[in-house]
Each structure stands twice: as C-alpha cells, then as structure tokens.
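Model, not experiment: these values are computed from the prediction. Chain letters run A, B, ... following the sequence lines, proteins first, then strands; residues in each count from 1.
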Amino acid sequence: MSLFWKPGAEKPQLLDDEEGGVLFFSSALSSSSSSYGYASLEKQRQRLPVYKYRNSILYLVETHSTSIVVGETGSGKTTQIPQYLKEAGWADGGRVIACTQPRRLAVQAVASRVAEEMGVKLGDEVGYTIRFEDLTNSELTRIKFLTDGVLLREMMTDPLLSKYSVIMVDEAHERSISTDILLGLLKKIQRRRPELRLIIASATIEAKSMAAFFDTSKKRRGSDDKQHGPKTEPAILSVEGRGFNVQVFYAEEPVPDYLRAAVSTVMSIHNQEPPGDILVFLTGQDDIDAAVELLTEESQNNGKPSGGLTILPLYSGLSRADQDLVFSPTPRGKRKVVISTNIAETSLTLEGVVYVVDSGFSKQRFYNPITDVENLIVAPISKASARQRAGRAGRVRPGKCYRLYTEEYYVNELSTEGIPEIQRTSLVSSVIQLKALGIDNILGFDWPASPSPEAMIRALEVLYSLGVIDDDAKLTSPAGFQIAEIPLEPMISKMILASDELGCSEEILTIASVLSIQSIWASSRGSQKELDEAKMRFAAAEGDHVTFLNVYKGFLKCNKSPTWCHKNFVNYQAMKKVIEVRGQLRRTAQRIGINLKSCDGDTQVVRKAVTAGYFANACRLEAFSHSGMYKTLRGSQEVYIHPSSILFRVNPKWIIFHSLVSTDRQYMRNVITIDPSWLTEAAPHFYQHRQPDSFRQ
DNA sequence: GAGCACTGC
C-alpha cells in the first residue's frame, strides 16, 4: 500500500471484476485512458494475484479439457485469464475466446476494462454481447464477453459453438439456471469437440463436485494414456484473493427478532467503533422499511443531533434515483448505513463499507410442482452466502462482520451452498430450450444438479397442454419451434402466436412487453391514494392487460414524455424498457412469420389471445363469497384479486390471472375478464372433461 | 385494502 488517496480528490477508478458487481465512476471511466498510461496498466495487471499463476493456468488449459479456477474476490481471474489465453495463441486462426457472466452489467464492465488494458477499441478485438446489444465484430473480435443466456441462444444456430476455442464460465458458484444448463450442454459438446477447452471459474464453488461432473476419464480409462489429446480429468487451481481481513462476530445466543437485533447492533457499532459505513442484510422491502424507521427513531434518541447517521434503504423495487443515493459520498462527520436485500450481495458493490450486519436470512424462490406455484419464502442463507456477505466489509480496509446468529447455528444449520436455482423453479422455459437444441430425453439429461422428476413431468404437462410438444414429447411444428424461438415464457409466447390468428398481434406484443417488466407504475413516490387515482384514468373494465394498452397508447401519444409519466404516476424508465422489449419481440415475431396487425380496440380478441396462453389460470368467483374469493378451475385453489389490480373489488365472475403472489393469502396479480366458453375453445383437451361441473353458471 | 429476493433471453 504505497499509494494514498487524498480525501477530496477524485477517487481512483474502481472496478470489481469478480462478483459481477460493478461500481462505475463515470467521470473516471471516460477519462481513464488518458490519465493512466499503458505502462501503469501493465503494472496494475502484474500486481493482481492471478498473475503469479499465469503459466500454471496456461499449462493446465493446454493439457486439460476442463480446468476449474477457484479465485476469491479481487484475484483478477475474470479480466486476466482471457488475455493470457489470447497472448498464448488461443485466439489465432480466427478462433474466439468466450467468457460468460450471469449479469449484463458485469459483461459490459469487464469487457471495457479488458479493452482498455489491451489498448484496443471496445467492439473490435475485445467485444461483448448482451440482449439488445451486440458490440462485436465477426472479423476482428477475439475475446468476447457475454451473458450465459446469450451463449445458450447462440447454440440454437451453432450447436457446437464451433468458433470458440476456449469457453470460460464465470461465477459458476451462483448456479443460475442458465449457468447449469450451459454446463450440462458444454459437457456434451466436449465429447464432439475434444479440442475445446473449458474453464469453470468461481469464488467459493465446491470444486470437487464440479470436477466430478466434468470427469469423463473413468469411462475412458486405458485409452487415455495413449491419446495425445488433453486429459479429460479436470484440473483444479486455487488463486488467492485481494480482499482485506474481516473479523467475524457471532451472536452469543439465538436472536428472537433479527430486525430489532439488527437495529441495536447498528447502534452499538455506531457508538463504539471507529468511522466506516455499515451494510445491513435483511430479507425484503417490508423488513427494510421497518428497520429504517426504527433505526431513525433510535438514532434520534442517541444524543447527537440527527444521530450522525445517514440511513438508506436498498432494494430493486426502488426507483433509480433512490437507488443511486446509496452511492453518494457520506457527508463529513456522518456514517452511512445501508439496509439492503441480497441485491448488495452480488449485483451492486458499495465502497466504503467496513461493517456488515448479517441477519442470516434472505427471500428465496421455491417451486411446488404439484400446484405449479412459485413462492417467495424467507429462508436461512448458505455458508457461501454468509461468507460473501462478510466479504463486503473488507473491500477498502480490514472490516468486521456481525452475524445475528450463533456460531453453532452457522456450523450446524447453514448448508454449504444454496440450492441451485434449477431445483427451485418451474422448468417450463428450460425444457423448451433444451428441446429446441435437440435434447429430447429431458429426464436423461446430464445436469450439474438434477431437478426433481415431479418438476420435469409438470413442465412436460404444461408444454403439452400449450401444444408445444406432441404425444411423443417432441416439439410440434411449427408452433413448438416458433414458441421456442421467442425469448419469453412459453405461455406468453403462445399468447403471441394466438394473436396472429386473432388479428391482434400489435396489442399482444405490447401486453407481453409490459408483463415482462417488473411494474410500469411509479410506486415509491407520493401516496398510494394518488397512484390509485392515476391508475383509474387508464382503467379498463376488461382488466389489467387492457389497462396496460391504454397506458402504452398514452405514452406514445405524449411522445414518450417524462413529464407525462410523472404526472400520471407512470414509471418512465420502465416504459422506455417496454418500448425496447417490444421492438425486439416485434422483430422476432416477424422472423417467425407472425403478421403484425392491430385489432383497433376490439378487446374481445385480445382477451381470447391471453386465454390461449393462460387458460390454466382461469378462476371463477365463488357464488356466495362476499370476500371476493375465487377458485381456480384446475385444482380448486382459493385465490383473491390483488388490491393493486384494476379489478380489485369489481370481482367479475370469470377471470384469468397472470401470476400468483402468496402471502397469508394467494393473490392474483394482473387479471382479465373472460367468457368461460373461450376456455374450451382455447384448450379443449384441458377443460372438456370438467365442463359439466365447473362451468355451471 | 395489500405488497414484489435477484437475474436473464
């Protein structure tokens, strides 16, 4: 540490190439090429821990089909390994080195860093591809960063990924669905392309289980020695990180209320510890808002005026402006406290954090294949998560982590790693993707972690009912192939397909785009009542989907004006995204032969198209229910219209919902009125046998 | 009259 940064001066550019969490200092980023010369960049590269392993890594990649690199935060593996490979000739002869990331932001940030280090223009020799953005040049690009989802899509046109010589799958420990599917498929590709090299890079992975997955040497024992090719047994290499030491403290006794415990822990840190920001991990918006309020109270009773704390919430539902507040520098004499969801564990990196308070819980998605319902449940985190959270305290100097659970609990109760996403979600999208890649035996697919047979069977049932697969579980033609081509949930894609015949594709493309955005309403600002009133200006008696069409129309009519959005409680950023997604879907729709046509306000055909995709979510109002209770036609599950819906308290007799949110009750979000006769029209195989009973008026 | 961890094509 011979370099010191003078307070008040511009901070040096910081770029986290490990967790995918990146903090941009835009001014530093744009001026960096002029302020840092090539030599200093080269020196920076050599100071990274991974530099010592350069030759070992190149040797392993040369001699092994698969290499597993375990590198802790700050090791430099993501930015350096692709460059080492390039320098060693792996990109010669027109070949390309690929490096995948789970997140778009990480792809962009790492690519621009590497381009800068190599002194080339981003998009030439070094490029990246994410949805909506392809900054590569097929002639020039030798190192390509991309999201793992994009690489999966690329396999649809080039199943063997033949242009790549080395594929590095980064952040593999996160075990996202796309990463797992990608790993399964890459293992298959390796058999056909022995010259392909894989690098699995991760922070805390159970390297041995990953190595076992890629180890095909046993089956080939005896022939291995005679072959001149690479060893099929994976190599494992560990690279140390560059983070500072973090001292971990545990609760002496189990904590009855983690919210209060978190607040009092923050207060005692504030009162007893030297300066440094505090990051608190809680589970969700509710918890966080409550903790902010409680902490604000406590800190005001603390003697000092305003308590010396700047307290900020952080979760994805916040507007961009509110999220950006956590990055603003802490005022002199103040201490910043950020109370956050898991978003600060991987997606966002906060500099200046010295203390972490870890509740030990997070919200996790679980899927019930019997009811086909996904739930968000507060559950204990894994040891890997706990370590990751603690590490957030050691980015700028040695830090401290306070765990609101006992050491015994950590050792005995927390699982080593989380449950892979593939075992916690509906498999409908994954199955259709594999089918489209020609993997017909889904049950026999070699997954890094197998999903449950129940979930696989349920996915096949759903796809069959949508007409995506036939009696032999093969993709139908053309419908199945068309639906696989659209990058959305198969139910939405089916809706788009149906809109072609019904002559309302323009409207359905709008609805599909809105449904794929979190929310188009500006919810965090102003009172709830005002938002509700604003919504009523767009309200359609037919339901939320048609209401979305009215908002979209208004947005176009005012020339996409931010002022109009503000006035109408519409989220401007979200609407811009709707336009973007819609544009992409429109191009995809045209490519697969869908006629673009508007139904000019005929909402009946629009609702029929929605029914074609979501018939399984049909509900009927209980005849004598005063509380607005509905029952699903399939399964007779008790459900209620969510208060955010335009049809809340209207309670039409027959409706279809887009999704369920389960809390104390099952709430239907985004509902639309239908005529029950459309159900048998849309899905005769699904509803015919139930007609006598369920359809009585 | 109540609530949406986080990604991604």
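Nearest-nucleotide mapping onto DNA chain B: of A/Thr283 and A/Ser516, the residue sitting toward the 5' end is A/Thr283. The residue among A/Arg649 and A/Ile486 whose nearest nucleotide of DNA chain B is located toward the 5' end is A/Arg649.
Closest approach of A/Arg392 to A/Phe281, counting heavy atoms only: CG-CZ, 4.4 Å.
Look at CG on A/Leu437: it is 12 Å from C1' on B/dC9, rounded to the nearest Å. Counting to the nearest Å, the C1' atom of B/dG8 and the CZ atom of A/Arg131 are 7 Å from each other. One can place NE2 of A/His642 at 5 Å from C1' of B/dA2, the figure rounded to the nearest angstrom. A/Asp180 has its CG atom 17 Å from the P atom of B/dC9, to the nearest Å. Taking atom CE of residue A/Met155 and atom P of nucleotide B/dC9, one finds them 17 Å apart after rounding to whole Å. Whole-Å rounding puts the A/Ile492 CD1 to B/dG8 P distance at 17 Å. Between A/Arg103 atom CZ and B/dC9 atom P the separation is 12 Å, expressed in whole Å. Counting to the nearest Å, the P atom of B/dG8 and the CZ atom of A/Arg175 are 19 Å from each other.
Contacts of A/Gln423 classified as side-chain hydrogen bond (donor to acceptor under 3.5 Å, both in side chains), with partners at least two apart in sequence or in another chain: none.
Within 4.0 Å (heavy atoms only), A/Ile130 reaches sugar-phosphate atoms of the nucleic acid but no base atom. Using a 4.0 Å heavy-atom cutoff across all strands shown, A/Ser178 reaches no nucleic acid atom at all. Residue-level contact check: A/Ser176 touches neither bases nor backbone, having no heavy atom under 4.0 Å from any strand. Within the 4.0 angstrom heavy-atom criterion, base atoms lie near A/Leu376. Residue contacts for A/Gln285: at a heavy-atom cut-off of 4.0 Å it reaches a base atom on one of the strands shown. Here A/Arg104 lies in heavy-atom contact (under 4.0 Å) with sugar-phosphate atoms only. Using a 4.0 Å heavy-atom criterion, one finds that A/Ser362 contacts no nucleic acid atom at all.
For the residue pair A/Arg103 / A/Thr147, no side-chain donor-acceptor distance below 3.5 Å is found, with atom types taken as modelled. Side chains of A/Thr179 and A/Ser176: a donor on one and an acceptor on the other come within 3.5 Å.
The listed nucleotides are B/dC6, B/dG1, B/dC9; the one nearest the side chain of A/Arg153 is B/dC9. Closest contact between the side chain of A/Thr341 and the listed nucleotides B/dC6, B/dC9, B/dA2 involves B/dC6. Side-chain atoms of A/Tyr667 lie closest to B/dG3 of the nucleotides B/dA5, B/dG3, B/dC9.
Because its NZ or CZ atom is both nearer than 6.0 Å to the ring centre of A/Tyr640 and within 45° of the ring axis, A/Arg665 counts as a cation-pi partner of that residue.
Here A/Ser316 reaches the OP1 or OP2 of B/dC6: one of its side-chain N or O atoms lies under 4.0 Å away.
Remark: A/Gln590 CD is packed, more than 12 non-hydrogen atoms of other residues, nucleotides or ligands lying under 6.0 Å away.
Remark: the A/Asp289 side chain and the B/dG3 base include no donor-acceptor N/O pair separated by less than 3.5 Å.
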